[in-house]
Amino acid sequence: MISNVRNYVNDRINLVKLETVETIGRVASRIVYFMMLLVFALFFILLLSFAGAYFFSKLVGFGFGFLIMSGIYLLLAGLLMMFRKQVQNMIVNIAIEASLSEDDKPKSED
């Protein structure tokens, strides 16, 4: 009887360890995935910024096109600062939903 209890406790400990490793693996893979997405998004924004600057340069002159793009980014930064709390709440909600999503949870064998 005591042997069965020990085996059961050891199995439960091993299960918790495996679940912890699986959770860490999922979190790490999501972090890497979002970092890769961030890198691609930054390159996209960078190239889009140059395209916009050159477009405005054709309209108003070379230096002023880049100033217009800088002004657009300054405006976006100001809006981000104004709506800081709403953006933070939105990011927290997205993170909570992602961590609690049902498709990532292992299926029980009941």
Side-chain angles (χ1 to χ4, degrees):
M1 178 71 175
I2 295 177
S3 172
N4 288 340
V5 172
R6 273 192 203 137
N7 287 338
Y8 176 75
V9 169
N10 286 334
D11 287 344
R12 292 298 293 177
I13 290 171
N14 287 333
L15 178 64
V16 168
K17 287 179 185 178
L18 289 173
E19 287 175 347
T20 303
V21 168
E22 181 184 15
T23 302
I24 291 171
R26 286 177 194 245
V27 169
S29 69
R30 282 187 179 180
I31 289 172
V32 169
Y33 172 74
F34 285 118
M35 294 284 283
M36 290 171 50
L37 269 179
L38 181 65
V39 166
F40 287 120
L42 288 174
F43 277 118
F44 175 76
I45 290 171
L46 177 69
L47 293 175
L48 189 65
S49 296
F50 279 120
Y54 281 115
F55 171 75
F56 288 128
S57 294
K58 295 288 184 186
L59 297 176
V60 295
F62 187 73
F64 292 114
F66 284 89
L67 286 174
I68 290 172
M69 283 306 296
S70 297
I72 290 172
Y73 280 113
L74 186 62
L75 178 67
L76 289 174
L79 288 172
L80 189 61
M81 282 190 251
M82 284 176 44
F83 297 108
R84 180 180 66 236
K85 288 291 185 187
Q86 290 89 342
V87 171
Q88 287 174 344
N89 290 337
M90 181 183 66
I91 292 170
V92 167
N93 288 336
I94 290 171
I96 290 171
E97 286 176 15
S99 67
L100 297 178
S101 66
E102 287 296 321
D103 22 302
D104 287 343
K105 291 186 180 176
K107 305 287 189 253
S108 66
E109 296 179 13
D110 293 330

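All residue numbers refer to positions in the sequence shown, counting from 1.
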Given the rule that I, L, V, M, F, W and Y join up when any side-chain heavy atoms are under 4.5 Å apart, are Leu48 and Phe40 in one cluster?
-> no
Hydrophobic cluster membership, Phe34 vs Met90, 4.5 Å side-chain cutoff | no
Could you tell me the separation between the CG atom of Leu74 and the CG atom of Leu67, rounded to the nearest 0.5 Å?
-> 11.5 Å
Ile96 CD1 to Ile91 CD1 distance, which is reported to the nearest 0.5 Å | 12.0 Å
Spacing of CD1 belonging to Ile72 relative to CG belonging to Leu75, to within rounding of 0.5 Å = 8.0 Å
More than 12 foreign heavy atoms under 6.0 Å from CZ of Phe55: is that the case here?
-> no
In this structure, CD of Glu19 is separated from CG of Leu15 (nearest 0.5 Å) by 4.0 Å
State, with a plain yes or no, whether a side-chain heavy atom of Thr20 is found less than 4.5 Å away from one of Val16.
-> yes
ILVMFWY network linking Met69 to Leu76, side-chain heavy atoms under 4.5 angstrom | yes
Output the distance between atom CG (Asn4) and atom CG (Asp11), rounded to the nearest 0.5 Å.
-> 10.5 Å
Side-chain contact, heavy-atom cut-off 4.5 Å: Lys58 with Tyr54?
-> no
Answer with yes or no whether the hydrophobic clustering places Met35 together with Val27; edges join I, L, V, M, F, W, Y residues whose side-chain heavy atoms lie under 4.5 Å apart.
-> yes
Please tell me if the side chains of Asn89 and Phe83 come closer than 4.5 Å, counting only heavy atoms from C-beta onward.
-> no
For the residue pair Phe66 and Phe56, is the inter-centroid distance of their aromatic rings smaller than 6.0 Å?
-> no
Between Tyr73 and Val60, is there a shared hydrophobic cluster once you connect ILVMFWY residues whose side-chain heavy atoms come closer than 4.5 Å?
-> yes
